[in-house]
Amino acid sequence: MATFKEFGLSPEVMKAVSKMGFEEATPIQAATIPLSLQNRDVIGQAQTGTGKTAAFGIPLVEKIDMNHDAVQAIIVAPTRELAIQVSEELYKIGSTKRVRVLPIYGGQDIERQIRALKKHPHIIVGTPGRIIDHIQRRTLRLQNVHTVVLDEADEMLNMGFVEDIEAILSHVPTERQTLLFSATMPEPIRRIAERFMNNPELVRVKAKEMTVPNIQQYYIEIQEKKKFDTLTRLLDIQSPELAIVFGRTKRRVDELAEALNLRGYTAEGIHGDLSQAKRLSVLRKFKEGSIDILVATDVAARGLDISGVTHVYNFDIPQDPESYVHRIGRTGRAGKTGMAITFVTPREIGQLHHIEKTTKRKMERMKPPTLDEALEGQQRAAVEKLLATIEHNNLSFYKRAAEELLEEHDSVSLVAACIKMLTKEPDMTPVQLTEEPPLMKKEKKRQVQTRQRRSETRGRGAKTRTKR
Ligand code: ADP
Ligand code: MG
């Protein structure tokens, strides 16, 4: 695994990436970023969820010339949702540098897009049809574009966009860098690459085959915004002795730990930003059982030797099968059986299959528990508490009061009242996990930023620049 420091990125981009909570580059990023910074054409093939957006986004933002008010890069994506997602990620990567990113897609008011295009965005992320529309209206000019990215190329093929892509590419100066990303490489995509790319480097990230320990593995298909409530329901039903919840980023871990505490669980987070001393103290508390839930990033959890973990919850699906194996290897140690539950959003299903293929183990589908099931789980926990109190405590001091009560009330009502009081109220404290920054902040007085160019460009890209 590579840290982002190794790429020689500008301080602005480094700052933005660190603010996004990325600790280290994913395999596709580690392989693609250096090539892309050297202006090589790249074909990147990796499963969904492996970080392809930042793989092209980081070098792309790095190369935007803030002294030049022109569209310098164009990203073509198959759907409106993906175009928005990509533009949000690019916006974040470019937030410190203040790069202007504009998504344009079908269905949105074209006049509004035309007005936005007049504000000199540096990067356009769009769906094929709408990009062509703007080219034909001359509201989008591509003569200064030095980088083109075809994202999710196989999806675009499936949706019948090949001719549109060819039309767009023919409007961009041939002196350019072209990057193509795809989960699969069917023949028509290869042909586009051959025709429109210049000696591209093929980067394929294929995980090694791995075996996983013998534990029960489940997945739950779930929307992002339902993850947190589902996690708390699972915790109530399964009442794990010791659980680890894995989140993708440092910020995610902090927010999750805080939200769990708000809802009455004892949880603490660990990630790479904490001092060694702090990490050790959290771990000690976890091992002693004074916290039940450890929330962690992959990096922080790597190499930890914790025994007795009964449940691993992958709140975010891991980036690659290796991480998956590492994560769930935390449970089921020392002869105990463990359980791993992975949350998968609909667009990450491909990543799930990829993990299953690599580990040669199927995860069983689990339905998200209902509120009723969670309440039953809480009730069961209350009953257990009650029974344990009978077993372990001397109750003689209370028996007199009990007898008096029984003279006036029936025993079932009394016991029911005890259980009710012991049952944790369903806590509906609303939690907000990640605050997304607005897509394009109103530009304040824009300062012209001077910055050092770290990677001197060479090859075709350099020519493009001198031409401007
Ligand atoms: P893909 O395009 O390969 O399907 P994405 O680029 O959409 O994948 O990334 C999936 C998720 O992983 C996003 O939420 C993204 O912010 C996150 N991500 C990307 N790179 C990293 C990284 N280096 N560390 C942590 N999270 C990352
Ligand atoms: Mg993608």
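We number each residue from 1, following the sequence as shown. Both ligands and their constituent atoms are indexed starting at 1 by order of listing. This is a predicted model, so every value here is computed, not measured. Scope of the values below: all heavy atoms of this structure, side chains included, with no hydrogens, waters or symmetry mates.
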Do the side chains of His134 and Ile114 get nearer than 4.5 Å, heavy atoms only? yes
Mode of Met20 contact toward ligand 1 - side chain, backbone, both, neither (heavy atoms, under 4.0 Å): neither
Side chains of Ile110 and Thr139, heavy atoms from C-beta outward: is any pair under 4.5 Å? no
Measure the acute angle between the ring planes of Phe7 and Phe4, then classify it against the limits of 30° and 60° as parallel, tilted or perpendicular. perpendicular
How far is atom 25 (C) of ligand 1 from the closest protein heavy atom, and which atom is that? Phe22 CD1, 3.5 Å
Starting from atom 23 (N) of ligand 1, locate the nearest protein heavy atom and write down its residue, its atom name and how far away it is, to 0.1 Å. Glu24 O, 2.8 Å
For Arg252, is there an ion pair with Glu224 - N to carboxylate O distance below 4.0 angstrom? yes
So does Glu81 pair up with Arg347, basic N to acidic O under 4.0 Å? no
Would you mind checking if Asp133 and Arg137 are paired as a salt bridge, meaning a charged N to carboxylate O distance below 4.0 Å? yes
protein heavy-atom neighbour closest to atom 8 (O) of ligand 1 works out as Gly51 N, 3.2 Å
Polar contacts were defined as any N/O atom of the residue lying under 3.5 Å from an N/O atom of the ligand; does this apply to Thr53 and ligand 1? yes
As a check for students: among Lys52, Lys250, Gln29, identify the option with a heavy atom nearest to atom 20 (N) of ligand 1. Gln29
What are the atoms of ligand 1, with element, lying closer than 4.0 Å to any heavy atom of Thr50? 1 (P), 3 (O), 8 (O)
Which one holds for Gln319 and ligand 1: side chain close, backbone close, both close, or neither close, with close meaning a heavy atom under 4.0 Å? side chain
Hey, does Phe181 sit under 4.0 Å from ligand 1 if you only count heavy atoms? no
Assign the ring pair Phe315 / Phe228 to parallel, tilted or perpendicular, where the plane angle (0 to 90°) is split at 30° and 60°. perpendicular
In the structure I gave you, are the side-chain heavy atoms of Ile215 and Val312 within less than 4.5 Å of one another anywhere? no
Keeping waters out of it, list the protein N, O or S atoms under 2.8 Å from the Mg ion (ligand 2). Glu152 OE2
Intermediate values then yes/no, side chain to side chain contact (heavy atoms under 4.5 Å, CB included), Thr345 and Lys227: CA-CA 9 Å; Thr345 62; Lys227 280 182 175 179; 3.9 Å; yes
For atom 11 (C) of ligand 1, the protein heavy atom that lies nearest, with its residue and separation: Arg248 NH1, 3.4 Å
Minimal non-hydrogen separation, Val172 against Arg176, with atom names: O-NH1, 3.5 Å
What protein heavy atom lies closest to atom 1 (P) of ligand 1? Include the residue and the distance to one decimal. Gly49 N, 3.3 Å
Salt-bridge present (Asp273, Arg251; N to O < 4.0 Å): no
Phe56 contact mode with ligand 1 (heavy-atom cut-off under 4.0 Å): neither
Against heavy atoms of Phe4, which atoms of ligand 1 measure under 4.0 Å? 23 (N)
Any N or O of Glu89 that comes nearer than 3.5 Å to an N or O of ligand 1? yes
For Arg347, which part has a heavy atom under 4.0 Å from ligand 1: side chain, backbone, both, or neither? side chain
Any Lys/Arg nitrogen of Arg100 or Asp69 sitting under 4.0 Å from an Asp/Glu carboxylate oxygen of the other? yes
Side chain, backbone, both or neither: Gln351 near ligand 1, heavy atoms under 4.0 Å: neither
Does the side chain to side chain contact (heavy atoms under 4.5 Å, CB included) test come out yes or no for Glu268 and Lys278, once each step is laid out? CA-CA 11 Å; Glu268 276 204 55; Lys278 174 74 185 162; 3.5 Å; yes
Is any side-chain heavy atom of Met185 closer than 4.5 Å to one of Leu180? yes
